[in-house]
Amino acid sequence: QQQVKQSPQSLIVQKGGISIINCAYENTAFDYFPWYQQFPGKGPALLIAIRPDVSEKKEGRFTISFNKSAKQFSLHIMDSQPGDSATYFCAASMRERGGYQKVTFGIGTKLQVIP
Amino acid sequence: DTEVTQTPKHLVMGMTNKKSLKCEQHMGHRAMYWYKQKAKKPPELMFVYSYEKLSINESVPSRFSPECPNSSLLNLHLHALQPEDSALYLCASSQVAGHQAKNIQYFGAGTRLSVL
């Protein structure tokens with residue numbers, strides 16, 4: 001069962017354009033929503049994250065928009081650059097009894113920014 | 001320092017071999033994780049250790065055996081693997097207490113495993 005749905009699976013954007021990746025979740029027990037960026041041959045790296053009581057968070061060119069009632073969130077990359085070409089995973093996490101966060105990943109979006 | 005170090009970076013093994021993957025972090029994190037990632041797929045959780053105790057085993061076959069010797073180290077012992085076990089194996093660590101923002105998982109670069 002895919003608890004976090006992510007789209008599109010691939011995205012091609014011109015340099016300077018806006019990249020938009022959308023995600024939706026079902027389980028209202030999720031309490032934190034991180035986005036990870038993964039380059040080939042590397043592990044996922046945290047890009048930006050948001051709590052469900054916040055509607056928007058911006059860090060540099062990266063913005064998360066969060067709609068709690070619709071159970072949807074999205075990543076916007078402004079002024080996309082070729083160096084942003086990577087796979088992006090949205091995720092949803094919840095705290096387990098042992099104190100750790102169990103993370104559920106979306107299927108991933110392969111972003112290619114062309115010059 | 002937010003570094004999780006995994007060794008080796010690449011590993012090729014036969015189906016009868018025994019090998020181990022290693023993971024190390026010095027961030028004081030008390031939760032450590034093993035994930036398996038196939039090409040073009042998201043990471044899949046295999047094991048979670050919290051305070052050096054196994055908290056989650058996501059129905060992983062017994063040919064994978066995790067070990068957490070101390071709070072900084074995590075091992076994954078491999079024995080009698082199958083070709084379909086070829087994948088990128090990722091280690092991650094996180095804090096276990098406090099606000100969710102402090103419980104973010106930090107990933108290593110992974111071990112690329114090929115089983116022949």
Side-chain angles (χ1 to χ4, degrees), chain A residues 1-10 21 23 25 29-54 57 59 64 66 86-112, chain B residues 2-6 9-10 21 23 25 27 29-58 68 71 74 87-112:
Chain A
Q1 181 188 1
Q2 186 185 357
Q3 293 193 52
V4 178
K5 295 184 179 179
Q6 182 173 350
S7 63
Q9 290 191 37
S10 64
I21 303 170
C23 289
Y25 64 99
F30 290 132
D31 59 9
Y32 206 53
F33 298 86
W35 284 84
Y36 284 89
Q37 179 188 55
Q38 186 174 25
F39 292 104
K42 302 289 187 183
L46 177 69
L47 186 64
I48 186 173
I50 197 167
R51 296 187 338 241
D53 57 344
V54 176
K57 183 174 182 181
E59 290 184 1
I64 301 177
F66 193 89
T87 298
Y88 293 81
F89 293 100
C90 64
S93 68
M94 68 177 80
R95 182 173 293 180
E96 297 287 331
R97 248 189 298 179
Y100 56 86
Q101 291 279 347
K102 187 172 182 183
V103 178
T104 301
F105 290 90
I107 200 164
T109 296
K110 185 173 182 179
L111 171 65
Q112 184 181 359
Chain B
T2 57
E3 189 171 344
V4 176
T5 303
Q6 289 188 243
K9 293 191 186 305
H10 302 277
L21 309 184
C23 175
Q25 56 88 14
M27 295 179 277
H29 291 170
R30 301 304 297 276
M32 296 187 77
Y33 311 75
W34 280 115
Y35 287 86
K36 173 182 178 180
Q37 187 177 29
K38 298 285 258 184
K40 300 182 181 180
K41 298 288 187 183
E44 295 175 37
L45 184 64
M46 300 174 71
F47 302 103
V48 180
Y49 275 83
S50 179
Y51 295 100
E52 296 86 69
K53 291 192 188 321
L54 185 63
S55 296
I56 289 183
N57 175 341
E58 293 283 17
C68 190
S71 60
L74 186 66
L88 181 68
Y89 288 84
L90 294 162
C91 173
S93 71
S94 73
Q95 295 186 18
V96 294
H99 192 275
Q100 301 98 315
K102 296 187 181 297
N103 291 359
I104 289 295
Q105 292 185 20
Y106 293 90
F107 284 83
T111 294
R112 177 73 59 187

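A, B, ... follow the sequence lines: proteins, then strands. Residue 1 opens every chain.
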*For A:Y100, is it the side chain, the backbone, both or neither that has a heavy atom under 4.5 Å from a heavy atom of chain B?*
both
*asked:* Surrounding NZ of A:K57 (heavy atoms of other residues, nucleotides or ligands, distance under 6.0 Å), is the total greater than 12?
replied: yes
*Considering all heavy atoms, the nearest A:F105-B:P43 contact*: CD1-O, 3.7 Å
*Tell me, with the steps shown, if A:Y36 and B:I104 meet side-chain contact (heavy atoms from CB on, under 4.5 Å).*
CA-CA 11 Å; A:Y36 284 89; B:I104 289 295; 3.9 Å; yes
_Please classify the contact of A:F39 with chain B as side chain, backbone, both or neither, using a heavy-atom distance under 4.5 Å._
neither
*Could you look at B:Q37 and say if it's the side chain, the backbone, both or neither that has a heavy atom under 4.5 Å from chain A?*
side chain
*Leading residue by heavy atom contact count with chain B [cutoff under 4.5 Å; candidates A:K102, A:M94, A:Q9, A:E96]*: A:K102
*Of the backbone (N, CA, C, O) and the side chain (C-beta and beyond), which part of A:P34 lies under 4.5 Å from a heavy atom of chain B, both, or neither?*
side chain
*So what's closer than 4.5 Å to chain B heavy atoms on A:Q38: side chain, backbone, both or neither?*
side chain
*asked:* Below 4.5 Å, heavy-atom pairs only: which of B:G110, B:S50, B:A92 has the largest tally toward chain A?
replied: B:S50
*Taking every heavy-atom pair that is under 4.5 Å apart, which of B:L88, B:L45, B:I56 has the most such pairs with chain A?*
B:I56
*Are the side chain of B:Q105 and the backbone of A:Q101 linked by a donor-acceptor contact shorter than 3.5 Å?*
yes
*Above 12 or not: heavy atoms from other molecules or residues under 6.0 Å from NZ of B:K38?*
yes
